Amino acid sequence: MQGRAEHSALLLHDYFSKYLLNLNEYNFIFIVGKRGERLKSAIRNLLIVLLLLIIAAGGGVWYVWNGMKPVEPSGPAVNFTVQKGMGSLEIADLLEKNGIIRSALLFKGYLKWTNEGSKFKAGTYSAAPGATYDNLIARLNAGDVVKKETVVFTIPEGYTAEQIADRLAQAWGKEASVFLSLMDKGEGLKETEILGVPQDQDLRHRLEGYLFPETYELVKESTPQQIVEKLMEELQKKLDGIPDWQTKLKDRGMTLHELMTVASLVEREVVVDSERPIVAGVIYNRLKKGQKLEIDATVQYLLDRQKERLLYKDLEVKSPYNTYRNTGLPPGPICNPGLASIKAALEPEASDYYFYVTKKDGTHTHLFAKTYKEHLVNVKKSQEGAKETSS
């Protein structure tokens, strides 16, 4: 019995050594009857599942990696517009639609992972296929929009509405009448209501005086309405920059329209800034006394072209603007004054002067007088100065 047992043991040893276990090649096979077969099948199935999972995971990683790669550069940059209120998910779809990114889904996931997308700014952007996620995000956050073509133009101080209309017509290649019509009516412009521009049939141009002289840069696509309104907005901005201007205006018992009228008279009469408050004071002195202003600039405003010297017949022109015929202020401004003239009209220099005459010595300054007799002396001095200059 012992010999048979030993023989059987040797046979089993040979079997395991030959078929089931090869330690040199690191192959392990465990088979224990029917249970071994089931175990072997289970292990094989598990390995297959694991292999499939590895393949799937690898495919997913490849899909994400490939999808997040920048699109191959092809062609020029593409413009796309982010509308106000558009969310990051819509923007992602927009980028994919325009061929800038490969996958909107992955871009959305990247935004969520990086906690981005809540600060994107509206506007029109330009991006070429090949832009990275981080580059696109940075530009959308910064509002790095396409720079639109602009028009730069300057409105000099003292320009009339007609002169401004001509300047705008040249800048935008339109008819001057398009702009002048807006200045005459002032309809449909919000600033007309904000500034309280009156509607008076005696006004030559309703918006005269409310078109602030400045250098502007506006988008070339701007409409005539937007352009004119921008000039009026600038006036409002400049007024708001004057401390307590509304209180000072109220203390003077004036309307804004009256203030701008006085400022326009100062603008056309004075060249040297330091004299603007003095001339404003002269105007107020005459108004308070009920004396005619007799300002040449109000007559010049009525002429088709400016004259170097007015004739007596010019002073007889029948118009509410003619301050040689009428007392008080004209119906409205005669030009569009600058900030210095507006401040002078708001804070005039107090004096006893009622007259002034321009020196004819080339300095553009004035001689001031309290009485008409003193004024005649100053007129003579001015004429003598002109002779000395010419000689």
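FYI, side chains are in, hydrogens and waters are out, and symmetry mates aren't considered; it's all heavy atoms of this structure. Here the structure is a predicted model, which means the values were calculated and not measured.
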(request) Identify the heavy atoms of A344 and A280 that sit nearest to each other, and give their distance. (result) O-CB, 3.5 Å

(message) Any side-chain to backbone donor/acceptor pair from S222 onto V219? Under 3.5 Å, distance only.
(response) yes

(message) Grouping I, L, V, M, F, W and Y whenever their side-chain heavy atoms are under 4.5 Å apart, do L140 and W113 come out in a common cluster?
(response) yes

(message) Less than 4.5 Å apart, side chain to side chain, heavy atoms only: is that true for F120 and V82?
(response) no

(request) Verify the distance criterion only: is there a donor paired with an acceptor across the side chains of T363 and D361 at less than 3.5 Å? (result) yes

(request) Compute whether any side-chain donor of one residue and acceptor of the other, for Q170 and D166, lie under 3.5 angstrom apart. (result) no

(message) A side-chain contact here means heavy atoms from C-beta on lying under 4.5 Å apart; do R204 and E162 qualify?
(response) yes

(message) Membership question, hydrophobic clusters at under 4.5 Å side-chain separation (ILVMFWY): are L293 and V299 in the same one?
(response) no

(request) Name all residues meeting the salt bridge (charged side-chain N to carboxylate O under 4.0 Å, His left out) criterion together with E229; count only those two or more places apart in sequence or in a different chain, and write none if there are none. (result) none

(message) Evaluate N336 against L231 for side-chain contact (heavy atoms from CB on, under 4.5 Å), listing each step before the verdict.
(response) CA-CA 10 Å; N336 294 275; L231 272 59; over 6 Å; no

(request) Taking all heavy atoms of T154 and all of T215, pick out the closest pair and write down the distance. (result) OG1-OG1, 2.9 Å

(request) Check whether NZ of the Lys or CZ of the Arg R286 lies under 6.0 Å from the centre of the six-membered ring of F355 and within 45 degrees of that ring's axis. (result) yes

(message) Assess the residue pair Y356 and E275 against the criterion (side-chain contact (heavy atoms from CB on, under 4.5 Å)); give the C-alpha distance rounded to whole Å, side-chain angles, the decisive distance to 0.1 Å, and a yes or no.
(response) CA-CA 11 Å; Y356 59 86; E275 290 191 344; over 6 Å; no

(request) First locate atom CD of E187, then atom CZ of R206, and finally report the distance between them rounded to the nearest 0.5 Å. (result) 7.0 Å

(message) Show me the pairs that pass ring pair (Phe, Tyr, Trp, His ring centres under 6.0 Å) and involve residues 311-333, at least two apart or across chains.
(response) Y301-Y321

(message) If we check side chain to side chain contact (heavy atoms under 4.5 Å, CB included) with V377, which of these qualifies: K381, E374, K380?
(response) K381

(message) Quick check for you: to the nearest 0.5 Å, what is the distance between Q226 atom CD and L182 atom CG?
(response) 11.5 Å

(message) Main chain of Q306, side chain of Q300: is a donor-acceptor contact present, judged purely on distance under 3.5 Å?
(response) no

(message) In this structure, would I101 and V78 fall into the same cluster of hydrophobic residues linked by side-chain contacts under 4.5 Å?
(response) no

(request) Answer whether the closest heavy-atom distance between the side chains of M232 and L211 falls below 4.5 Å. (result) yes

(message) Test of understanding: with salt bridge (charged side-chain N to carboxylate O under 4.0 Å, His left out), list the residues that count as partners of E149, not counting sequence neighbours.
(response) K220

(message) A side-chain contact here means heavy atoms from C-beta on lying under 4.5 Å apart; do L303 and L310 qualify?
(response) yes

(request) Could you go through the salt bridge (charged side-chain N to carboxylate O under 4.0 Å, His left out) check for E347 and K343 one step at a time? (result) CA-CA 6 Å; E347 299 179 280; K343 288 181 176 180; over 6 Å; no

(request) Using the side chain to side chain contact (heavy atoms under 4.5 Å, CB included) rule, pick out the option among Q163, M183, K174 that qualifies with L168. (result) M183

Pairs of donor and acceptor atoms involving the side chains of residues 91-99, under 3.5 Å and at least two apart or interchain, shall be tabulated with distances.
{"from": "D93", "atom 1": "OD1", "to": "K108", "atom 2": "NZ", "distance (Å)": "3.2"}
{"from": "E96", "atom 1": "OE1", "to": "A104", "atom 2": "N", "distance (Å)": "2.8"}
{"from": "N98", "atom 1": "ND2", "to": "L94", "atom 2": "O", "distance (Å)": "2.8"}

(request) Considering non-hydrogen atoms only, spot the tightest contact between T160 and R268 and give its length. (result) CG2-NH1, 3.8 Å

(request) Of all the heavy-atom pairs spanning V178 and P224, show the shortest one and how long it is. (result) CG1-CG, 3.7 Å

(message) If you define the side chain from C-beta out and look only at heavy atoms, does anything of L339 sit under 4.5 Å from I242?
(response) yes

(message) Tell me whether Y159 shares a hydrophobic cluster with L218, the cluster being built from Ile, Leu, Val, Met, Phe, Trp, Tyr side chains joined at under 4.5 Å.
(response) yes

(message) If I compare all heavy atoms of A263 with all of P337, which pair ends up nearest, and what's the gap?
(response) O-CB, 3.6 Å

(request) Establish, for the pair K289 and Y354, whether the NZ or CZ atom is under 6.0 angstrom from the six-membered ring centre and no further than 45 degrees off its axis. (result) yes

(request) Quick one: list whatever passes salt bridge (charged side-chain N to carboxylate O under 4.0 Å, His left out) with D314, sequence neighbours left out. (result) K307

(request) Considering only NZ, NE, NH1 and NH2 on the basic side and carboxylate oxygens on the acidic side, decide whether R252 and E258 come within less than 4.0 Å. (result) no

(message) Can a donor-acceptor pair be found, under 3.5 Å and without considering hydrogens, that links the side chain of R167 to the backbone of F153?
(response) no

(request) Determine, stepwise, if the pair V151 / I227 fulfils side-chain contact (heavy atoms from CB on, under 4.5 Å). (result) CA-CA 11 Å; V151 175; I227 297 166; over 6 Å; no

(request) Verify salt bridge (charged side-chain N to carboxylate O under 4.0 Å, His left out) between R276 and D273, making sure each step is shown before the conclusion. (result) CA-CA 5 Å; R276 296 185 192 279; D273 283 349; 2.7 Å; yes

(request) Kindly say whether I295 contributes a backbone atom to a donor-acceptor pair with the side chain of T323 at under 3.5 angstrom? (result) yes

(message) Starting from I283, can I reach V357 by hopping between I/L/V/M/F/W/Y residues whose side chains sit under 4.5 Å apart?
(response) no

(request) Taking only Lys NZ, Arg NE, NH1 and NH2, and the carboxylate oxygens of Asp or Glu, determine whether K237 and E233 approach each other closer than 4.0 Å. (result) no

(request) Taking R325 for its side chain and S319 for its backbone only, find out whether a donor-acceptor pair lies under 3.5 Å. (result) no

(message) Any non-hydrogen side-chain atom of M254 less than 4.5 Å from a side-chain atom of V262?
(response) yes

(request) For the pair S264 (side chain) and T261 (backbone), establish whether a donor and an acceptor sit closer than 3.5 Å, ignoring hydrogens and angles. (result) yes

(request) Check for a donor-acceptor pair, side chain of N79 on one end and backbone N or O of T124 on the other, with a separation under 3.5 Å. (result) no

(message) One pair to check against side-chain contact (heavy atoms from CB on, under 4.5 Å): L189 and L207. What are the steps and the verdict?
(response) CA-CA 11 Å; L189 304 174; L207 300 186; 3.8 Å; yes

(request) For the pair N326 (side chain) and N322 (backbone), establish whether a donor and an acceptor sit closer than 3.5 Å, ignoring hydrogens and angles. (result) yes

(message) Please enumerate all residues that pass side chain to side chain contact (heavy atoms under 4.5 Å, CB included) together with D184, with sequence neighbours excluded.
(response) L180, H205

(message) How close do L111 and S88 get, counting heavy atoms only, and between which atoms?
(response) CD1-CB, 3.9 Å

(request) On the 0 to 90° scale, with breaks at 30° and 60°, tag the F80-Y125 ring pair as parallel, tilted or perpendicular. (result) parallel

(request) Would you check if L235 and I342 make a side-chain contact, meaning some heavy-atom pair closer than 4.5 Å? (result) yes

(message) Do M260 and L195 make a side-chain contact, defined as non-hydrogen atoms from C-beta onward lying under 4.5 Å apart?
(response) no

(request) Give me the ring orientation class for H257 and Y210: parallel if the planes are under 30° apart, tilted from 30 to 60°, perpendicular past 60°. (result) parallel

